[in-house]
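Residues take their numbers from the sequence shown, with the count starting at 1. In this text, all values refer to a predicted model and were calculated from it rather than measured experimentally.
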Amino acid sequence: MEFYPEALEVTVKWVAEATGRPIIVTENGVATNNDDRRIAYIDRALAGLGRAMDAGTDVRGYIHWSLLDNFEWNRAYTAQFGLVAVDRKTFARTIKPSGPYLGRYARTNKI
């Protein structure tokens with residue numbers, strides 16, 4: 001899947017301008033097996049979101065996609081979006097490094 005975190009900034013600005021409404025980002029993330037790449041995506045996407053907000057875009061919330069590695073209709077279980085890995089045999093869940101990393105943004109409320 002494409003790695004283009006800067007799309008978030010462009011999209012929220014465009015939607016806010018087109019609708020004149022506040023924005024809540026409900027799904028944003030990247031499918032990757034490499035959690036370092038997910039962390040880089042989070043940094044760049046949230047930096048862009050911060051720039052959009054600094055430019056006056058009314059952003060009310062951000063939700064990362066997804067908490068768990070889940071089933072995606074076009075990729076089954078191979079598209080790993082989650083901050084938490086799921087073992088498909090035991091259903092054990094393991095928090096990836098990107099989970100606490102994103103949590104630091106949430107705790108400080110700064111992007």
So do the side chains of Ile39 and Pro97 get within less than 4.5 Å of each other, counting heavy atoms only? yes
Is there side-chain contact between Tyr41 and Asn28, with heavy atoms separated by less than 4.5 Å? yes
Can you get from Leu49 to Val10 by hopping between Ile, Leu, Val, Met, Phe, Trp and Tyr side chains that sit under 4.5 Å apart? no
Do Thr32 side-chain atoms and Asn34 backbone N/O form a donor-acceptor pair below 3.5 Å? yes
Count I, L, V, M, F, W, Y as connected when their side-chain heavy atoms are under 4.5 Å apart, and connections chain through other members. Are Trp65 and Val30 then in the same cluster? no
With rounding to the nearest 0.5 Å, note down the distance linking CD1 in Ile24 to CZ in Arg60. 7.5 Å
In Å and rounded to the nearest 0.5 Å, what is the CZ to OG1 distance from Arg51 to Thr57? 11.5 Å
Around atom CG of Leu68, are there more than 12 heavy atoms of other residues, nucleotides or ligands at under 6.0 Å? yes
Would you find more than 12 non-hydrogen atoms of other residues, nucleotides or ligands less than 6.0 Å from Glu27 atom CD? yes
What I want to find out is whether Asp35 reaches Arg38 closely enough, with some N-O distance under 4.0 Å, to be called a salt bridge. yes
Nearest heavy-atom contact between Asp69 and Ala85 is OD2-CA, 3.6 Å
Check ion pair Glu9-Lys13 (N to O, under 4.0 angstrom): yes
Decide yes or no for Ile111 and Val59: does some side-chain heavy atom of the first lie under 4.5 Å from some side-chain heavy atom of the second? no
What class does the angle between the rings of His64 and Tyr62 fall in, given that below 30° is parallel, 30 to 60° is tilted and above 60° is perpendicular? tilted
Side chain Arg93, main chain Phe91, donor-acceptor under 3.5 Å: yes
Using every non-hydrogen atom in the two residues, find where Val12 and Ala52 come nearest and quote the distance to one decimal. CG2-CB, 3.7 Å
Answer yes or no: is there a side-chain heavy-atom contact under 4.5 Å between Leu102 and Leu46? yes
Tell me whether Phe81 shares a hydrophobic cluster with Ile63, the cluster being built from Ile, Leu, Val, Met, Phe, Trp, Tyr side chains joined at under 4.5 Å. no
Looking at Lys96 and Val84, what are the two nearest heavy atoms and their distance? CE-C, 4.0 Å
